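This is a predicted model, so every value here is computed, not measured.
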Amino acid sequence: MTDRDATLRIVTPEGIVFRYALAGPVLRALAWGVDAGMIAGSAAGVSATLDKLGLINRDVAAAVATLFYAVVSVGYAMYFEWYWRGQTVGKRIVGIRVIDASGLHLQPYQVVIRNLMRYVDGLPLFYLVGGIASVISGRFQRLGDVAAHTVVVRVSEARQPDLDKIGRSKYNSLLDYPAVCSRLRQKVSAEAAGAAFGALLRRDEFDAGARAELFREMRAYFETLVDFPDEVKEQITPEQLVRNVVEVLYAGAAAREALTR
């Protein structure tokens, strides 16, 4: 579902709502301009290297460079969109990301499909087909996005919340499972983390029944992303599990930020 203000609204089966600001054609064009410049530069480097080596004539070297550009322009995007969870160098600089249109985890086949479709979107020149499709689409999707069931959204700036406001746990059992913590940080989006933090912050505003149901739904959502150990699920309430997840997500982000200072 797309709101009128170019916002994608996703409602999970658990009833949790996430909103993503869609990236328009201009931002996407800027990102691809950065990526295309990097690819063209590498292709020019290959051509110059072949020319200097003198192993083949200039026409063949130019043909090799053109083929290199065609292959790398697709392979480059596939690699980075998978490795960087929906971003290339250009997308990172501009601040946008590819996500699954239903809010699910981006899958390798989706990355492959949307990038192979670049050859169609690029017709006849300068991404005319893809640009027209993006403009008339309610979600700013080019044909590759439609085929892969993906959208491109703006990346919201993650703000470090004050965890003391939600009441830190004396003992976070999730920290005994580094692999689980790593998967949480990889798979939980900033929007989902923010929604969970907001629910904990406002927990006293709900009556007991609504509060219990809300955290059961949030726990169920996180369980679709990560397989929690049985002993963790059995020992704590859904609300405690959500609090522990939030602590893992934001404490981990703070630690990584401190290391880069």
Side-chain angles (χ1 to χ4, degrees), residues 1-12 18-44 46 65-156 186-192 225:
M1 183 182 301
T2 309
D3 296 338
R4 291 182 178 180
D5 58 350
T7 300
L8 177 68
R9 179 172 172 268
I10 297 175
V11 182
T12 71
F18 299 116
R19 289 180 174 82
Y20 300 87
L22 293 165
V26 174
L27 278 179
R28 297 182 64 168
L30 288 173
W32 180 241
V34 173
D35 293 328
M38 295 184 62
I39 296 168
S42 63
V46 169
T66 301
L67 178 62
F68 176 85
Y69 178 87
V71 173
V72 173
S73 63
V74 175
Y76 160 93
M78 286 182 184
Y79 172 78
F80 280 107
E81 284 183 2
W82 174 243
Y83 185 72
W84 278 352
R85 297 176 59 197
Q87 288 188 302
T88 59
V89 175
K91 288 184 176 68
R92 276 200 169 189
I93 291 174
V94 174
I96 60 178
R97 179 190 302 278
V98 180
I99 66 170
D100 177 87
S102 298
L104 302 175
H105 190 57
L106 192 64
Q107 298 298 319
Y109 77 88
Q110 292 175 291
V111 173
V112 171
I113 290 173
R114 75 182 306 276
N115 282 291
L116 287 178
M117 286 290 290
R118 286 188 187 278
Y119 292 115
V120 178
D121 282 309
L123 296 173
L125 287 172
F126 306 116
Y127 272 81
L128 182 60
V129 170
I132 293 174
S134 178
V135 169
I136 65 176
S137 168
R139 295 180 173 184
F140 299 133
Q141 292 171 296
R142 61 178 177 82
L143 297 182
D145 289 313
V146 174
H149 193 59
T150 57
V151 293
V152 180
V153 299
R154 298 184 183 186
V155 178
S156 58
Q186 179 186 18
K187 294 188 175 184
V188 178
S189 67
E191 290 77 13
L225 303 177

If we ignore angles and hydrogens, is there a donor and acceptor under 3.5 Å between the side chains of Asp100 and Gln110?
yes

In Å and rounded to the nearest 0.5 Å, what is the CD1 to CG distance from Ile96 to Leu22?
11.0 Å

Starting at CG of Leu143, measure out to CZ of Arg114 and round the result to the nearest 0.5 Å.
11.5 Å

Under a 4.5 Å cut-off applied to non-hydrogen side-chain atoms, are Ser134 and Tyr127 in contact?
no

Go through the steps for Val89 and Tyr76 under the test side chain to side chain contact (heavy atoms under 4.5 Å, CB included), then give the verdict.
CA-CA 10 Å; Val89 175; Tyr76 160 93; 3.4 Å; yes

Would you say the side chain of Val151 lies within less than 4.5 Å of the side chain of Ile99, judging by non-hydrogen atoms?
yes

So which atom in Leu123 and which in Tyr119 form the shortest heavy-atom distance, rounded to 0.1 Å?
CG-O, 3.3 Å

Rounded to the nearest 0.5 Å, what separates atom NE2 in His149 from atom CD in Gln107?
11.5 Å

If you compare all heavy atoms of Val112 against all heavy atoms of Met78, which two are closest, and at what distance to 0.1 Å?
O-CE, 3.6 Å

For the OG1 atom of Thr150 and the CG atom of Asn115, what is their distance to the nearest 0.5 Å?
9.0 Å

Gly131 backbone acceptor or donor facing Arg28 side chain under 3.5 Å
no

If you compare all heavy atoms of Tyr20 against all heavy atoms of Ser189, which two are closest, and at what distance to 0.1 Å?
OH-OG, 4.0 Å

Nearest heavy-atom neighbours spanning Gly86 and Lys91
O-CD, 3.5 Å

Hey, is CZ on Arg85 packed in by over 12 heavy atoms from elsewhere, all under 6.0 Å?
yes

I'd like to check Val155 versus Gln87 (side-chain heavy atoms, cut-off strictly below 4.5 Å). Are they in contact?
yes

What pair of heavy atoms forms the shortest contact from Ser73 to Trp32, and how long is it?
O-CH2, 3.8 Å

Rounded at 0.5 Å granularity, tell me how far CZ in Arg92 sits from CZ in Arg97.
7.5 Å

Over all heavy atoms of both residues, which pair between Ala147 and Ile113 is shortest? Give the atoms and the distance, please.
CB-CG2, 3.8 Å

Roughly how far apart are Thr88 OG1 and Asp35 CG, rounded to 0.5 Å?
3.5 Å

Do the rings of Tyr83 and Tyr79 sit parallel, tilted or perpendicular, given the 30° and 60° boundaries?
parallel

